[in-house]
Enquirer: 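I am attaching a structure below and will ask some questions about it afterwards.
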Amino acid sequence: SVSGDTFNYSLTGTYSQTPLTQNAATSGTATEVFTADTYNGQPALQKTITTVFAENGSPTTLTDTTQYSAAGVALAQTDGSSVQAVTAGGFPISPILSASTNIAATETLADGTTITLHYTVTGKTTITTPAGTFACWTATRTVAYSDGFSSSDTVDYAPSLGAPVQETIQNTYSGGLTLNLTSKLTSYTFGSF
């Protein structure tokens, strides 16, 4: 990924918020943008994912930011409402996938939060979305933060784009919000080197 890369997704699914127990229908958008930045005095590539969905009839916005080094390793990651420096580990910007990809990794943030990642390729498929038809690796991805957030996803990743084109997402937040979403790529633009 390079500065200027932008991926836009449509979202459909359900959410629930404790103490309520029903799954309410929701829809929305997610935008993943890469921009040149400086983090802690060094050149960085910032990835920002902005998700907007309807919750109780009102738009809710969630933002996730990661700063990557020139080598493509995470320098900082959003945890809750703040960006925390990575003090140990550091996930790659995107894994190089093959039929045998099976990644298990941990990173630690400055606030003491640990994040575990498991990413396993389970097969190949061709996916058609509003943005086109793409040859993809299908993978399972689980992410767990020690302070309460977890995500369990199925990802259809197009190597030709360097991005997912479709995801089935189940996110659980420490505040009691659960999202079950399907994400489909609707458009994309590439930045320049």
Side-chain angles (χ1 to χ4, degrees), residues 1-13 29-37 44-51 62 64-78 86 88-109 114-145 149-172 179-193:
S1 298
V2 299
S3 181
D5 284 0
T6 302
F7 302 93
N8 298 298
Y9 299 88
S10 64
L11 304 173
T12 56
T29 60
T31 303
E32 183 175 284
V33 178
F34 292 84
T35 53
D37 200 7
L45 182 65
Q46 178 175 298
K47 176 176 80 171
T48 303
I49 302 172
T50 305
T51 304
L62 303 173
D64 183 54
T65 300
T66 307
Q67 295 278 358
Y68 292 98
S69 69
V73 176
L75 299 169
Q77 170 74 45
T78 298
V86 174
F91 301 142
I93 193 165
S94 65
I96 297 171
L97 302 181
S98 69
S100 61
T101 298
N102 188 350
I103 299 168
T106 302
E107 70 180 20
T108 304
L109 304 181
T114 57
I115 307 169
T116 57
L117 167 73
H118 295 274
Y119 197 100
T120 304
V121 169
T122 58
K124 286 182 172 182
T125 190
T126 300
I127 298 291
T128 299
T129 75
T133 299
F134 305 93
C136 296
W137 290 107
T138 297
T140 58
R141 176 184 61 209
T142 58
V143 179
Y145 282 61
F149 171 80
S150 65
S151 182
S152 179
D153 312 320
T154 300
V155 180
D156 293 308
Y157 183 91
S160 63
L161 297 180
V165 297
Q166 180 173 277
E167 295 183 73
T168 303
I169 302 163
Q170 182 179 2
N171 287 351
T172 303
L179 289 174
N180 292 291
L181 300 171
T182 298
S183 166
K184 290 185 182 285
L185 185 68
T186 56
S187 65
Y188 60 94
T189 56
F190 289 127
S192 57
F193 288 97

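Reckoned from all heavy atoms, side chains included, excluding hydrogens, waters and symmetry mates. Numbering of residues begins at 1 and proceeds along the displayed sequence. Remember, it's a predicted structure, so these values are computed and weren't measured experimentally.
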Enquirer: Check whether any side-chain heavy atom of Phe34 sits under 4.5 Å from a side-chain heavy atom of Gln46, and report yes or no.
Expert: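 Heavy-atom side-chain distance check fails, nothing below 4.5 Å.
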
Enquirer: Heavy atoms, side chains only, cut-off 4.5 Å: are Phe91 and Thr66 in contact?
Expert: no

Enquirer: Kindly give the heavy-atom pair with the smallest separation between Val121 and Trp137, and that separation in Å.
Expert: CG1-CE3, 3.5 Å

Enquirer: Decide whether Ser151 and Asp153 meet the rule of one side-chain donor and one side-chain acceptor closer than 3.5 Å.
Expert: yes

Enquirer: Do the rings of Phe190 and Phe7 sit parallel, tilted or perpendicular, given the 30° and 60° boundaries?
Expert: perpendicular

Enquirer: Any chance the side chains of Asn8 and Ser187 put a donor and an acceptor closer than 3.5 Å?
Expert: yes

Enquirer: Of all heavy-atom pairs between Ser1 and Gly162, which one has the smallest distance, and what is that distance?
Expert: OG-O, 4.3 Å

Enquirer: State the OH-CD1 distance between Tyr9 and Ile169, to the nearest 0.5 angstrom.
Expert: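 The distance works out to 9.0 Å.
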
Enquirer: Restricting to non-hydrogen atoms, name the atom on Leu11 and the atom on Thr51 that form the minimum distance, rounded to 0.1 Å.
Expert: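 Of all heavy-atom pairs spanning Leu11 and Thr51, the closest is CD1-CG2, 3.4 Å.
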
Enquirer: Supply the atom-to-atom distance Cys136 SG to Lys124 NZ, rounded to the nearest 0.5 angstrom.
Expert: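 The distance works out to 11.5 Å.
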
Enquirer: Which heavy atom in Phe134 sits nearest to a heavy atom in Ala158, and how many Å separate them?
Expert: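 Reported closest heavy-atom pair: CB-CB, 3.9 Å.
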
Enquirer: Hey, does Gln67 have a side-chain heavy atom less than 4.5 Å from the side chain of Asp37?
Expert: yes

Enquirer: Can you check whether Asn171 reaches Leu62 side chain to side chain, under 4.5 Å on heavy atoms?
Expert: no

Enquirer: Considering non-hydrogen atoms only, spot the tightest contact between Pro164 and Val155 and give its length.
Expert: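 Answer, listing the atom of Pro164 first, then Val155: CB-CG1, 3.9 Å.
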
Enquirer: Please check if the side chain of Thr78 supplies one atom and the backbone of Thr65 the other of a donor-acceptor pair under 3.5 Å.
Expert: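 At least one qualifying donor-acceptor pair exists.
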
Enquirer: Does the pair Tyr157 and Tyr119 meet the rule for a side-chain contact (heavy atoms from CB on, under 4.5 Å), with working shown?
Expert: CA-CA 12 Å; Tyr157 183 91; Tyr119 197 100; 4.2 Å; yes

Enquirer: Working to the nearest 0.5 Å, report the span between OG1 of Thr172 and CZ of Phe149.
Expert: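 Between Thr172 OG1 and Phe149 CZ, I get 8.0 Å after rounding to 0.5 Å.
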
Enquirer: Determine whether Leu109 and Ile115 make a side-chain contact, defined as any pair of heavy atoms from C-beta on separated by less than 4.5 Å.
Expert: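 Of all side-chain heavy-atom pairs linking Ile115 with Leu109, at least one is under 4.5 Å.
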
Enquirer: The test is side-chain contact (heavy atoms from CB on, under 4.5 Å); show your working for Leu161 and Leu185 and say whether it passes.
Expert: CA-CA 11 Å; Leu161 297 180; Leu185 185 68; 3.5 Å; yes

Enquirer: In Å and rounded to the nearest 0.5 Å, what is the CG to OG1 distance from Asp5 to Thr189?
Expert: 7.0 Å

Enquirer: I'd like to check Thr138 versus Asp156 (side-chain heavy atoms, cut-off strictly below 4.5 Å). Are they in contact?
Expert: yes

Enquirer: Quick check: do Gln77 and Asp64 have side-chain heavy atoms less than 4.5 Å from each other?
Expert: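 They are in contact (side-chain heavy atoms under 4.5 Å apart), so the answer is yes.
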
Enquirer: So which heavy atom on Glu107 is nearest to which on Ala74, and how close?
Expert: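 Closest heavy-atom pair between Glu107 and Ala74: OE1-CB, 3.8 Å.
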
Enquirer: Would you call Thr126 and Thr133 a side-chain contact if the rule is heavy atoms closer than 4.5 Å?
Expert: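 Result yes, sub-4.5 Å side-chain heavy-atom pair found.
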
